[in-house]
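Any value given below was found using the heavy atoms of this structure, including those in side chains, with hydrogens, waters and symmetry copies removed. All values reported here derive from a predicted model rather than from experimental measurement. Residue numbers begin at 1 in each chain, while the letters A, B, ... track the order of the sequences.
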Number of protein chains: 2
Amino acid sequence: MFVSERTISMKLNDGPRTGSRDNSRDNSKASQKPKPAAGERRLGDFLCFAIYSANLAFGRAYKKGLDELGLTYPQWIAIVALWEQDGQTVSELGEKMFLESNTLTPILKKLEQMGYLRRQRDPADERQVRISLTEAGRRLREKGMHMNLVASTGLKPDEFARLQENVVKLRDNLIEATAEKAE
Amino acid sequence: MFVSERTISMKLNDGPRTGSRDNSRDNSKASQKPKPAAGERRLGDFLCFAIYSANLAFGRAYKKGLDELGLTYPQWIAIVALWEQDGQTVSELGEKMFLESNTLTPILKKLEQMGYLRRQRDPADERQVRISLTEAGRRLREKGMHMNLVASTGLKPDEFARLQENVVKLRDNLIEATAEKAE
DNA sequence: CCGCTTTATATCGCATACGATCTTATCGCA
DNA sequence: TGCGATAAGATCGTATGCGATATAAAGCGG
């Protein structure tokens, strides 16, 4: 597979575009952009990209601590959310995590298989599944408490709190606006 | 499959834990939390979760506009990043997007297959692959310019700019701290 | 009480993320 | 010059997100 990939690429290099590619590389800043006009927005100016990349950074920052627990980032979020209240349904947990059953079910099944929670149909309404942490799940949360990344954010406590509030506000505004536009 | 899943769940409900589960549901707020102590941090207090959920919200907010273009969110980010400079290598693009070849290669191959860019080995160094937008790729970027979500963020221009800066700072601090801890 | 609709969850397929590993190309240096 | 080390991409396996759909239970109108 890799060989053929390589071969194809080299063939492309032999194609009619090779010259143009070299050209674009040598003086791309000066001539290649179709319109370096005023309204041009670079990737770094997008708030959405700042959030996107900050999310990647958080996942990587947590990686080390989570590996010790044998958890992934979303699994850890689920544990924290379940810690707040026991016996939540999948939907309730989904509202907290902003996820639906198509994403949550596999995560919960995995955590169940690892012995950190139980999934049980509600006898009063067999459609619903109630989630409860096991003792091991609760211990897990304790063990994870040491993963404090506040220092890594490089923010002073008040900055931290204000940024957190603003991001939450941003999120909720986006959700509202998206729901509106869907009519 | 669903049937057996269902069956298993019902069996669990018949198990020794059913009573305890009912209990946790009926008065979970009052008694079920193991420790409503002072140091308890709820999911909503985590900055990482604010970023995580805001990222999901952005993806959903962009979904409608991107569907019209037939693009996904990361594909769109790649197009914007490529717009800035033509003939970037995969690594260079990866630095901008905070991704590596294992994630980027499939995205770029897909975009190439859709006719929006070309991937060509650099004749001067056959290890590198240079990416250039096609004419269709550049038009795509034009068509996507109308997707302005600034209004949906509910932020005033100066708030928007400040939040963007702070999130970028947060991201860069996290990356630095993560790199340090890895030695 | 029967059938139709709605609700809650699960399944499936596709597209990211990402660690580990592989292939190929280039580099360093004896 | 040749060969081990390094670099750049690509591949693979696993785990999310998520739209579309399936399944089973509950609700409900006649």
Aromatic ring pairing A:Y52/B:Y73, orientation class (parallel under 30°, perpendicular over 60°, tilted between): perpendicular
Protein-nucleotide distance (B:Q120, atom CD; D:dA8, atom P), rounded to Å: 19 Å
Separation of D:dG9 P from B:Q88 CD (nearest whole Å): 11 Å
Length of the CG-C1' vector between B:D122 and D:dG9, whole Å: 13 Å
Donor-acceptor under 3.5 Å (A:N166 side chain, A:R162 main chain): yes
Polar pair under 3.5 Å, donor/acceptor by atom type, side chain A:R127, base C:dT7: yes
Side chains of B:R60 and A:T178, donor plus acceptor under 3.5 Å: no
Under 4.0 Å protein heavy-atom contacts per nucleotide of nucleotides 13-19 of chain C, with B for base, S for backbone only and - for none: --SSBBB
Euclidean distance, atom CD1 of residue A:I77 to atom P of D:dT16 [Å, nearest integer]: 10 Å
Polar pair under 3.5 Å, donor/acceptor by atom type, side chain A:S101, base C:dA10: yes
N/O (side chain, A:R121) to phosphate O (OP1/OP2, C:dT9) under 4.0 Å: no
Identified pairing partner of C:dT16, criterion: Watson-Crick or G-U wobble below 3.5 Å: D:dA15
Atom-to-atom span, CG of B:D125 to C1' of D:dT6 - whole angstrom: 12 Å
B:E92 atom CD, over 12 foreign heavy atoms within 6.0 Å: yes
Donor-acceptor contact present, side-chain A:S53 to main-chain A:A50, <3.5 Å: yes
Polar contact flag, side-chain donor to acceptor under 3.5 angstrom, A:Q88-A:K96: yes
Salt bridge present between B:E135 and B:R138 (N-O < 4.0 angstrom): yes
Value in whole Å for how far the P atom of C:dA8 lies from CZ of A:R119: 17 Å
Interatomic distance, A:Q128 CD vs D:dA24 C1' [rounded to whole Å]: 13 Å
Spacing of A:K109 atom NZ relative to C:dA10 atom P, expressed in whole Å: 7 Å
